[in-house]
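What you see below is based on every heavy atom in this structure, not just the backbone, and it leaves out hydrogens, waters and symmetry mates. Residue numbering restarts at 1 for every chain, and letters A, B, ... go by the order of the sequence lines. Since the structure is predicted, the reported quantities are computational estimates derived from the model, not experimental observations.
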2 protein chains.
Amino acid sequence: MINVEKTKKRPYHHGDLRDALLRAGEQALETGGAQNLSLRELGRELGVSHTAFRRYFVDRQALLDGLALEGFERLRTTLTKAVADRNQDFEARLIKLARAYVRFSTKYPALTALMFTAKHNPAAPPELIEASERTFAIGPLVVEEGQVAGEVVQGDSLLLSLAASSSVEGLIAMSRNGKFKGIPLDRLLGEVIQRIVLGLRPRN
Amino acid sequence: MINVEKTKKRPYHHGDLRDALLRAGEQALETGGAQNLSLRELGRELGVSHTAFRRYFVDRQALLDGLALEGFERLRTTLTKAVADRNQDFEARLIKLARAYVRFSTKYPALTALMFTAKHNPAAPPELIEASERTFAIGPLVVEEGQVAGEVVQGDSLLLSLAASSSVEGLIAMSRNGKFKGIPLDRLLGEVIQRIVLGLRPRN
DNA sequence: ACCTGAACACCGTTCAAGT
DNA sequence: ACCTGAACACCGTTCAAGT
């Protein structure tokens, strides 16, 4: 009998309490928002003491930071996939990028809000800041490739992409339930991106 | 002796507890953020029972809503003044509008964040939603006047202004301490607005 | 190494009562 | 009309102790 010392090796409750906390935490986050996430309630849910989390997250904020970190990594792989095809023109790639971001934010609104405030928080752990910056480096990259293809005016790609990315960020910020004034973001996106692309086009 | 019945007409502590709560609340908001605003602490600060606020605000959220409402009204008069001069061209007015908003948000970051989440909250009182909509109706208005002057392409002013306002909203969202990647928002604003104006210009 | 349980110092909300 | 004070049901965090 190999590998069967059930009551010895296995910890009190879970095989992986850390992950269980993140999963339950994310659920709680989307259900009631960050401010209503309760560590004691999470403990009850997982059949564990309300102080058990401390081995994995020093405090409540650390758990929220952990959730935000996961969010950034998930968003990054999503966005990376969205612009993977380099045979498309600049406008098409920009729309795909924006749409992927919008989809993510409407699918996980509370997580997106959490990521947003984490980015804003000066006391956020550097780990989190870096994850955020890696994620939002994709925009400037697409702009640079657009410049190489002659579809985008020359200049600092960071500044140029700012016009594009800020408008998408703002579109999401201004929306509720994935809508703005009742119109789905997906429909508005094309309109906005089109204006942005016109503004970024080389003057001839 | 007219007007001197001190101990009779005057209430237990304040002449205007409601306003005192708003003032202390706003201070607490900018100091520690909405989540750290404590009604009991406010009560202590004002030398009043921790349940006294209940006459004016049914619960904690109602006080926060009251602060957000004040914020929207203050922002609206600021923005209105910023674009009051109709003898300027579209780009100049748009920059003034954006700059005024950016200034407000860097001056009252926590209040702006509160207004932001209030707008997002589906359960927010209609009073608050209306105040928000009145405030952000200024953007489309400036666009419409730009259309009349022939400086902006024809089309739905709401959709066209969305490109402009969302980029400003996003610029603020993406910034920290009024800066983005270390560059002051005021400097970035011109760059972004210029792109937007180019994108909105009539094709000929 | 991983988790528990009691103790501590806070909360917001309710409600009967006081002036 | 305006405010108090006790009571209630929650919190997050700390820390010594258990397995």
Side-chain angles (χ1 to χ4, degrees), chain A residues 5-29 31-68 114 117-118 121 123-125, chain B residues 5-29 31-68 114 117-118 121 123-125:
Chain A
E5 333 163 45
K6 286 178 192 172
T7 51
K8 266 279 189 65
K9 284 193 93 171
R10 210 202 281 183
Y12 292 31
H13 199 82
H14 287 85
D16 195 348
L17 181 56
R18 198 192 122 91
D19 194 63
L21 277 165
L22 285 170
R23 298 288 66 75
E26 188 173 355
Q27 173 102 23
L29 184 69
T31 305
Q35 57 181 231
N36 293 321
L37 185 148
S38 156
L39 294 176
R40 291 181 109 111
E41 200 170 309
L42 248 49
R44 271 176 245 129
E45 216 171 283
L46 299 173
V48 105
S49 163
H50 69 275
T51 54
F53 73 93
R54 248 199 152 256
R55 279 278 140 192
Y56 310 101
F57 303 99
V58 282
D59 57 16
R60 208 185 94 105
Q61 189 55 52
L63 173 59
L64 292 176
D65 287 347
L67 287 169
L114 184 71
T117 59
N121 178 18
Chain B
E5 334 165 39
K6 285 177 191 174
T7 50
K8 265 278 188 67
K9 284 194 91 170
R10 211 202 277 184
Y12 292 33
H13 199 81
H14 288 85
D16 195 348
L17 182 55
R18 199 193 122 91
D19 193 64
L21 277 165
L22 284 170
R23 297 289 66 76
E26 188 173 357
Q27 173 104 20
L29 184 69
T31 306
Q35 57 182 230
N36 293 322
L37 184 148
S38 156
L39 294 176
R40 291 181 108 111
E41 200 169 309
L42 249 49
R44 271 176 245 131
E45 216 172 284
L46 299 174
V48 106
S49 163
H50 69 277
T51 55
F53 73 93
R54 246 198 154 258
R55 279 279 142 191
Y56 310 101
F57 303 99
V58 281
D59 58 15
R60 208 185 94 105
Q61 188 55 52
L63 173 58
L64 293 175
D65 288 347
L67 287 169
L114 184 70
T117 60
N121 178 18

Does any N or O donor sit under 3.5 Å from an N or O acceptor when you compare the side chain of Thr51(B) with the base of dG12(C)?
no
Please determine whether a side-chain nitrogen or oxygen atom of [X] lies at a distance below 4.0 Å from atom OP1 or OP2 of [N].
X	N	value
Arg54(A)	dT14(D)	yes
Arg18(B)	dA1(D)	no
Ser38(B)	dC11(C)	yes

Expressed in angstrom and rounded to an integer, what is the separation of [X] atom [atom1] from [N] atom [atom2]?
X	N	atom1	atom2	result
Glu41(A)	dC11(D)	CD	C1'	11 Å
Leu46(A)	dT4(C)	CG	C1'	15 Å
Phe57(B)	dC2(D)	CZ	P	13 Å
Leu39(A)	dC3(C)	CG	C1'	15 Å
Leu17(B)	dA1(D)	CG	C1'	13 Å
Phe53(B)	dC15(C)	CZ	P	14 Å
Arg55(B)	dC15(C)	CZ	C1'	12 Å
Leu42(A)	dC10(D)	CG	C1'	16 Å

Against the side chain of Ser49(B), the closest entry in dG12(C), dT13(D), dT4(D) is dT4(D)
Only Watson-Crick and G-U wobble pairs with both distances less than 3.5 Å should count. Give DNA chain D in dot-bracket notation, marking inter-strand partners with |.
||.|||||...|||||.||
Would you kindly compare His50(B) and Arg60(A) by the position of their nearest DNA chain D nucleotide and give the one closer to the 5′ end?
His50(B)
Quick one: label Leu37(B) by what it contacts on the DNA or RNA (base, sugar-phosphate, nothing), any heavy atom closer than 4.0 Å.
sugar-phosphate
Leu21(A) and Tyr56(A): which non-hydrogen atoms are nearest, and at how many Å?
CD1-CD1, 4.3 Å
Might you point out which heavy atoms bring Arg60(A) and Ala34(A) nearest each other, and give the distance in Å?
NH2-O, 3.2 Å
Assign each of Tyr56(A) and Arg40(A) the nucleotide of DNA chain C bearing its closest heavy atom; nearer the 5' end lies the nucleotide of Tyr56(A)
